[in-house]
Amino acid sequence: MLNPMQAWNAWARLTMQAAVTGFEAQSVMALRFMRLATGGARARSEASRMITEKVTALGEAQSAAVRAAIKGDKSHRAATKVLRVYKRRVRKNRRRLSK
């Protein structure tokens with residue numbers, strides 16, 4: 001028998017993960033702005049890195065979505081895989097910028 005709450009719980013869990021990732025992304029943005037405000041070579045490096053990382057992350061996320069669609073994953077599983085790509089990037093940047 002199909003449990004309607006199971007699908008709802010999956011989307012609720014995804015929503016919470018997306019919210020947490022959004023808050024972490026805001027902290028990365030603040031750290032990046034501080035680095036850009038200092039100027040110099042590190043700021044220029046960060047500015048170019050910021051653009052290339054976004055393009056690369058988009059490609060990875062699209063690839064994850066296509067793989068999930070080809071496998072026939074449910075939509076919330078595909079969305080979770082896409083979110084995982086961004087979550088990994090955000091956490092990696094936060095660790096790097098916090099040093």
Side-chain angles (χ1 to χ4, degrees):
M1 180 172 198
L2 181 65
N3 181 0
M5 290 305 290
Q6 187 175 8
W8 189 86
N9 287 338
W11 282 107
R13 186 172 39 255
L14 177 65
T15 301
M16 291 304 296
Q17 289 174 353
V20 168
T21 302
F23 289 129
E24 289 176 350
Q26 288 179 351
S27 69
V28 169
M29 289 171 56
L31 291 167
R32 276 194 161 147
F33 288 146
M34 286 189 287
R35 174 137 326 156
L36 292 172
T38 61
R42 290 181 74 187
R44 283 190 298 278
S45 171
E46 189 63 36
S48 65
R49 173 182 236 159
M50 196 168 44
I51 302 302
T52 57
E53 281 183 349
K54 287 181 186 340
V55 172
T56 305
L58 174 63
E60 284 182 30
Q62 287 177 332
S63 176
V66 168
R67 281 193 309 269
I70 290 172
K71 282 178 48 180
D73 284 347
K74 294 183 178 184
S75 56
H76 64 84
R77 289 184 193 260
T80 300
K81 290 178 181 179
V82 169
L83 182 62
R84 192 176 300 142
V85 170
Y86 288 113
K87 187 188 304 188
R88 186 176 60 243
R89 293 247 178 200
V90 167
R91 288 190 175 156
K92 183 177 162 185
N93 278 322
R94 191 180 69 199
R95 280 192 304 267
R96 180 179 57 80
L97 291 167
S98 296
K99 291 180 182 178

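Along the sequence shown, the residues carry numbers beginning at 1.
Between V20 and Q17 there is no side-chain heavy-atom pair separated by less than 4.5 Å.
For residues 16-45, every residue pair satisfying the salt bridge (Lys or Arg N to Asp or Glu O under 4.0 Å) rule, not counting sequence neighbours, is listed here: E24-R91, E24-R94, R32-E46, R32-E53, R35-E46.
Other members of the cluster containing M50 are M29, F33, L36, with ILVMFWY side chains joined at under 4.5 Å, either directly or via other members. Under a 4.5 Å side-chain heavy-atom criterion applied to ILVMFWY residues, the cluster that includes V90 comprises V28, L31, M34, L97 as well. Under a 4.5 Å side-chain heavy-atom criterion applied to ILVMFWY residues, the cluster that includes V85 comprises that residue alone.
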| request: Run the numbers on N93 and R96 for side chain to side chain contact (heavy atoms under 4.5 Å, CB included), then give the verdict. | output: CA-CA 5 Å; N93 278 322; R96 180 179 57 80; 3.0 Å; yes
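A pairwise comparison of heavy atoms in T56 and T52 identifies OG1-O, 2.8 Å as the closest pair.
With sequence neighbours left out, K87 forms a salt bridge (Lys or Arg N to Asp or Glu O under 4.0 Å) with no residue at all.
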Exercise answer: donor-acceptor pairs, residues 57-72 side-chain atoms, under 3.5 Å, sequence neighbours excluded:
residue, atom, partner, partner atom, Å
E60, OE1, R88, NH2, 3.1
E60, OE2, R89, NH2, 2.5
S63, OG, R67, NH1, 2.6

